[in-house]
Amino acid sequence: MTIYNFSAGPAVLPQEVLLQAQAELPNWRDCGMSVMEMSHRGPEFGQILAEAEADLRELMGIPSNYKVLFLQGGAAAHFALIPMNLLGGKTSADYVNTGSWSTMAIKEAQRYCTVVEVASSADKNFSYIPAREGWKLNQDAAYVHYVANETIGGVEFNWVPEVGDVPLVCDMSSNILSRPIDVSQFGLIYAGAQKNIGPAGITLIIVREDLLGKAMPTTPKVFDYQIQANNQSMINTPPTYGIYMAGLVFKWLLGRGGLAAMETTNIAKAKLVYDAIESSSGFYHSPVTADCRSRMNIPFTLKDAALDAVFLKTSQENGLLQLKGHKSVGGMRASIYNAMPIEGVQALATFMGDFARQNG
Ligand SMILES: *Cc1c(COP(=O)(O)O)cnc(C)c1O
């Protein structure tokens, strides 16, 4: 039986990447060392880092006036580090609140500045994206922050907000690399690696150069984006193995046609699950408004919550793992990142149909 892992993160990685890493584990390209054992200052790792950055730049079309940083701390550390690096003497920042991760980013930023919540979907349990027309942006804000895909609530922006001259900052932890984006619309993009990039341990930062050099004096040196940018993310030891793995994933994505090709597949994959929900005559329910349903994380409930345990047990017996929903939402959640093959999503949709017929 083929096993498919629907975990929200750390999440599935491409099988080809895992097998390549396995083959190269003890001895990378005949250099006699594992990537884990190399000096981060040696020529071998230098090549791994340079290739990873070049491949990411090609994949995302990152303009030359943007720096790429491979840092640590997870996206959650950068909830604090973003105001520390970007406030630049300003005292407030604008935040859009579309769910759990937005809320956490707001709470953390409040330790450093006045957070103005310029739009929120809390009134309807974070089931939609507030239309841009209703956002009350402030000209004196240091930046505007939003979360492109709410991993827990399953709400995703399918547009990039127009915010004028104030830099746009985006947490793309759970949908980066899932579709082409225009990086030049952003001041800063950040993403924890463990959903759609590679193993946990790296936080990717893509930042426009003119926003650097404004860190608060109390910012730890290893988290000063300007200092790290000036030192190829190597002011201290970077997460070397994670960067190597991310680099393999970038090559895998390039080999499959890049982000436009991923988007086509991701649309088809998400449709399979949403169709299974919609065609179940109310057996399954999506809590999210139709026009902002995530392609990456699909929460759904069963009409009878007493069946949840049976659904989880039976799905697991059928090789479909980690479908339990987040405790704050309940029900199920299927995370179908880039590395989830369409066959896995087909298996899930078929299982959902069978389960509804047998238990409806
Ligand atoms: C997972 C996640 C985070 C937190 O990532 P950590 O690496 O655990 O800090 C933040 N934002 C979003 C959108 C996420 O999905």
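Remember, it's a predicted structure, so these values are computed and weren't measured experimentally. Order of appearance sets the numbers: ligands from 1, and atoms from 1 within every ligand.
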>> Keeping R179 on the side-chain end and E263 on the backbone end, is there a donor-acceptor pair under 3.5 Å?
In response: no
For residues 265-274, dump all side-chain donor-acceptor pairs below 3.5 Å to protein atoms at least two apart in sequence or in another chain.
residue	atom	partner	partner atom	Å
T265	OG1	A261	O	3.1
N266	OD1	K269	NZ	3.2
N266	ND2	S178	O	3.0
N266	ND2	M262	O	3.1
N266	ND2	N338	OD1	2.9
K269	NZ	Y337	O	2.9
K269	NZ	M340	O	2.8
K271	NZ	D275	OD2	2.7
Y274	OH	S294	N	3.3
Y274	OH	S294	O	2.6

>> Counting only heavy atoms and a distance below 4.0 Å, can you name the residues contacting ligand 1?
In response: G74, A75, A76, F79, W101, V147, N149, T151, D171, S173, S174, Q194, K195
> Considering all heavy atoms of both residues, which atom of A75 and which atom of S173 are nearest to each other, and what is their separation?
Replying inline: CB-OG, 3.4 Å
>> Check this for me: does any side-chain nitrogen of one of R29 and E44 sit under 4.0 Å from a carboxylate oxygen of the other?
In response: no
> Can you list every pair that meets salt bridge (Lys or Arg N to Asp or Glu O under 4.0 Å) and has a residue in residues 301-317, with sequence neighbours left out?
Replying inline: K313-E317
>> Under the salt bridge (Lys or Arg N to Asp or Glu O under 4.0 Å) definition, can you give me all pairs with a residue in residues 159-175, not counting sequence neighbours?
In response: none
